[in-house]
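Step one of this worksheet: look at the structure below.
Residue numbers count from 1 along this sequence.
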Amino acid sequence: MEMKEYASEPQTSPNGSESRIDPYGFERRHDFEPYKEMMNEYVAVLNRRSMRWSKLLQEKPHVEKNLTVKRYVRKGVPNEHRARVWMAASGAQERLEGNRGYYQSLLAMEHDTRLKETIHTDMHRTFPDNVLFRGRAEPSLQRALFNVLLAYGHHNTEVGYCQGMNFIAGYLVIITKDEEKSFWLMDALLGRMLPDFYHPAMMGLKTDQEVLGELVKAKAPAVGQLMAQYPGIWTLLVSRWFICLYIDTLPIEPEILRARSLTDVCECFRQITCGAFTLDCHAFMQKIFTEPGILSMATIDKLREKCRQRILEEESGRP
């Protein structure tokens, strides 16, 4: 179910003044000027990258997993190509084509009242700073978001709906502008890539939180030592990162190290996406692949097994 395009130009806010809104519909009241300056400089890079992706996709209509694609992905998939690349790389396109009409059948069925009420409760909490999700927006993405979450809740009855899924579905709807594609991307993410994250036991979530903690101790020991001073705060702070798949929060280690109290730590994490560091996405992606050093999937898998066993032993009460 495709939705019509929405405008990315500055729109009028509820009080009548012009809002400072980015192409995704998010208001940038506090950092609009530095954001605009960054985008003015970055637009040439985005245009070159878009042309390269366009050429690649013309030469090879089916997205292949090879070194060229890997290199391109690490530099960023342009907005106009994300839906196609994500659908192909995740296997969601294949699932959609093999299950034509399935999404519509989920929406047409009799719906669980409790599921509907739970999803409705989170509608106003989803991207409150995004004008596209407000009831008076035209078009408003709230209906599309509700449909995707409702369909997924009936599709995956073991998971149903839990908080955090609204941000994932909302972001997918913004990017794909298509309910059905967003649904199948949800299926790929939550059902196959992260099957234990949203399960009632949340073993995958608990495990990866511990894995991140182990990596912080190894790669950024000063941050690890700081967090160790406040038992329990780690899970409280990072669980949102994983539940929302980092869609609305990102860690900035130098800022954390300035904290001198629990209040400072909490305030730092609250302000963690502000500032020039998160605006300069090119430098950010470069640092992701350089500063932590080598981090193979074999290392991640080994840590996951270690942390998972530790959690199981703790939950079973064994020493």
Side-chain angles (χ1 to χ4, degrees), residues 1-8 11 13-14 19 21-28 79-80 82-84 86-87 90 92-93 95-96 99 101-194 197-198 240-249 273:
M1 187 179 296
E2 192 170 354
M3 298 172 288
K4 60 183 178 180
E5 294 282 340
Y6 52 83
S8 60
Q11 301 176 34
S13 63
S19 296
I21 301 168
D22 71 14
Y24 301 97
F26 291 96
E27 290 182 312
R28 310 197 73 104
N79 187 19
E80 62 269 29
R82 280 180 199 162
R84 180 178 173 185
W86 289 0
M87 290 290 289
S90 67
Q93 185 64 36
R95 291 273 287 165
L96 185 156
N99 295 273
Y102 177 66
Y103 175 71
Q104 287 75 17
S105 72
L106 291 171
L107 293 180
M109 68 185 295
E110 184 176 348
H111 301 303
D112 179 88
T113 302
R114 187 174 180 181
L115 175 65
K116 288 173 62 177
E117 290 175 350
T118 304
I119 295 173
H120 264 303
T121 301
D122 270 0
M123 284 295 99
H124 72 283
R125 300 171 182 163
T126 307
F127 299 136
D129 57 342
N130 191 303
V131 298
L132 300 171
F133 286 90
R134 293 171 186 167
R136 288 176 291 177
E138 180 55 43
S140 174
L141 299 186
Q142 276 200 359
R143 171 49 61 181
L145 172 62
F146 180 79
N147 287 346
V148 172
L149 292 171
L150 184 64
Y152 189 79
H154 286 292
H155 167 68
N156 189 343
T157 55
E158 190 174 10
V159 171
Y161 172 78
C162 70
Q163 288 185 338
M165 289 169 57
N166 54 319
F167 289 98
I168 298 170
Y171 184 65
L172 293 174
V173 167
I174 289 173
I175 297 300
T176 66
K177 308 177 184 68
D178 187 293
E179 291 183 24
E180 189 171 14
K181 288 180 180 178
S182 298
F183 168 80
W184 286 113
L185 283 169
M186 286 275 287
D187 175 62
L189 282 167
L190 312 189
R192 289 184 284 116
M193 297 179 186
L194 302 168
F197 261 55
Y198 302 89
R240 180 179 176 84
W241 296 351
F242 287 101
I243 284 290
C244 299
L245 303 187
Y246 286 85
I247 283 170
D248 63 344
T249 45
T273 56

- Task: For residues Thr176 and Ser182, report the shortest heavy-atom separation together with the two atoms involved.
- Result: OG1-OG, 2.8 Å
- Query: Side-chain contact, heavy-atom cut-off 4.5 Å: Tyr198 with Ile168?
  - Reply: yes
- Message: Can you tell me how far apart CG (Leu172) and CZ (Arg82) are? Round to the nearest 0.5 Å.
- Response: 11.5 Å
- With rounding to the nearest 0.5 Å, note down the distance linking CD in Glu117 to NE2 in His111. 13.5 Å
- Message: Does the plane of the ring in His155 sit parallel, tilted or perpendicular to the ring in Phe183? Use 30° and 60° as the thresholds.
- Response: perpendicular
- Task: Give, for atom CD1 of Ile174 and atom CG of Leu141, the distance between the pair rounded to the nearest 0.5 Å.
- Result: 6.5 Å
- For residues Thr118 and Asp122, determine if any side-chain heavy atom of one lies less than 4.5 Å from a side-chain heavy atom of the other. no
- Message: Tell me the closest heavy-atom pair linking Gln163 and Arg125, and the distance in Å.
- Response: NE2-NH1, 3.1 Å
- Which atoms form the tightest heavy-atom contact between Leu115 and Gly160, and what is the distance? CD1-C, 4.3 Å
- Going by heavy atoms in the side chains, are Glu179 and Val173 under 4.5 Å from each other? no
- Item | Residue pair Arg95 / Tyr102, side-chain heavy-atom distance below 4.5 Å | no
- Closest non-hydrogen atom pair, Met87 against Ser90: O-OG, 3.5 Å
- Rounded to the nearest 0.5 Å, what separation is found between the CD atom of Glu180 and the CG atom of Leu107? 9.5 Å
- Item | His124: partners by ring-ring contact (aromatic ring centres under 6.0 Å, His included), with sequence neighbours left out | none
- Compare all side-chain heavy atoms of Tyr161 with those of Asn166 and state whether any distance is below 4.5 angstrom. yes
- Query: Which value, rounded to the nearest 0.5 Å, describes the distance between Met165 atom CE and Leu145 atom CG?
  - Reply: 10.5 Å
- Item | Heavy-atom check, side chain of Leu245 versus side chain of Leu189, under 4.5 Å | yes
- Message: Rounded at 0.5 Å granularity, tell me how far CE in Met193 sits from CG in Asp187.
- Response: 10.0 Å
- Message: So which atom in Ala151 and which in Tyr103 form the shortest heavy-atom distance, rounded to 0.1 Å?
- Response: CB-CE1, 3.5 Å
- What pairs with Phe127 under ring-ring contact (aromatic ring centres under 6.0 Å, His included), at least two apart in sequence or on another chain? Phe26, Phe133, Phe167
- Side-chain heavy-atom pair Trp184, Gln93 within 4.5 angstrom cut-off: no
- Plane angle bin for Tyr171 and Trp86 - parallel if under 30°, tilted between 30 and 60°, otherwise perpendicular: tilted
- Determine yes or no for a side-chain-to-main-chain donor-acceptor pair under 3.5 angstrom, with Asp112 supplying the side chain and His154 the backbone. no
- Measure the shortest side-chain to side-chain distance between Leu149 and Met186 over non-hydrogen atoms and say whether it is less than 4.5 angstrom. yes
- Query: Of all heavy-atom pairs between Leu132 and Gly25, which one has the smallest distance, and what is that distance?
  - Reply: CD1-CA, 4.0 Å
- Report the C-alpha separation of Phe197 and Leu190 in whole Å, then their side-chain angles, then the decisive distance to 0.1 Å, and conclude whether the side chain to side chain contact (heavy atoms under 4.5 Å, CB included) test is met. CA-CA 7 Å; Phe197 261 55; Leu190 312 189; over 6 Å; no
